[in-house]
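Below: the structure, in structure tokens.
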Amino acid sequence: MDFDKMSLKELRDLRTKLDRAISSYEDRRRREAIQAAEEAARAHGFNLSELTGAAPRKGGTVAPKYAHPENPTLTWTGRGRKPRWVQENLDAGKSLEDLLI
């Protein structure tokens, strides 16, 4: 490639593509390394989290704790930002206990 003949836009596009390729390469190598480590641990009768002391990742969802009094399909787990309907009910004088499921 002759960089001297490329426009600024072409050079920036090339840099963006190169950055993406580097990131993709690093991610792929990281996944390969983790997979190899997991296979080696399994070959010795362990799982990787037992050897590293890391807790296995828990997935899943949290059950809703609050529901809209007039529309029970609107729910909230009590985590994160309060939905608008919760704040509106609180402003109207209700408490969170009134919204419990």
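Keep in mind it's a predicted model, so treat the numbers as computed, not measured. The figures that follow rest on heavy atoms only: side chains count, while hydrogens, waters and symmetry mates do not.
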Using the test side chain to side chain contact (heavy atoms under 4.5 Å, CB included), find all partners of Arg30 that sit at least two apart in sequence or belong to another chain.
-> Asp27, Ile34

Residues which pass side chain to side chain contact (heavy atoms under 4.5 Å, CB included) with Phe3, listed by chain and number, not counting sequence neighbours | Met1, Met6, Leu11, Leu14

Could you pull out all residues at least two apart from Glu70 that satisfy side chain to side chain contact (heavy atoms under 4.5 Å, CB included)?
-> His68

Quick one: which residue pairs count as a salt bridge (charged side-chain N to carboxylate O under 4.0 Å, His left out) with a foot in residues 73-100, not counting sequence neighbours?
-> none

For Arg29, salt bridge (charged side-chain N to carboxylate O under 4.0 Å, His left out) partners two or more places apart | Glu32

Sequence neighbours left out, what passes salt bridge (charged side-chain N to carboxylate O under 4.0 Å, His left out) with Asp13? Give chain and number order.
-> Lys9

Across all chains, not counting sequence neighbours, the side-chain hydrogen bond (donor to acceptor under 3.5 Å, both in side chains) partners of Glu26 are none

Enumerate the residue pairs fulfilling ring pair (Phe, Tyr, Trp, His ring centres under 6.0 Å) with a member in residues 10-39, sequence neighbours excluded, ordered by first and then second residue.
-> none

Under the side-chain hydrogen bond (donor to acceptor under 3.5 Å, both in side chains) rule, collect the residues that match up with Asn71, sequence neighbours excluded.
-> Thr73

Partners passing side-chain hydrogen bond (donor to acceptor under 3.5 Å, both in side chains) against Ser23 (at least two apart in sequence or in another chain) | none

Any chance you could pull the hydrophobic cluster mates of Leu18, using side-chain heavy atoms under 4.5 angstrom and chaining through other members?
-> Ile22

Under 4.5 Å side-chain linkage, directly or through intermediates, the cluster mates of Val86 | Tyr66, Leu74, Trp76, Trp85, Leu90, Leu96, Leu99, Leu100

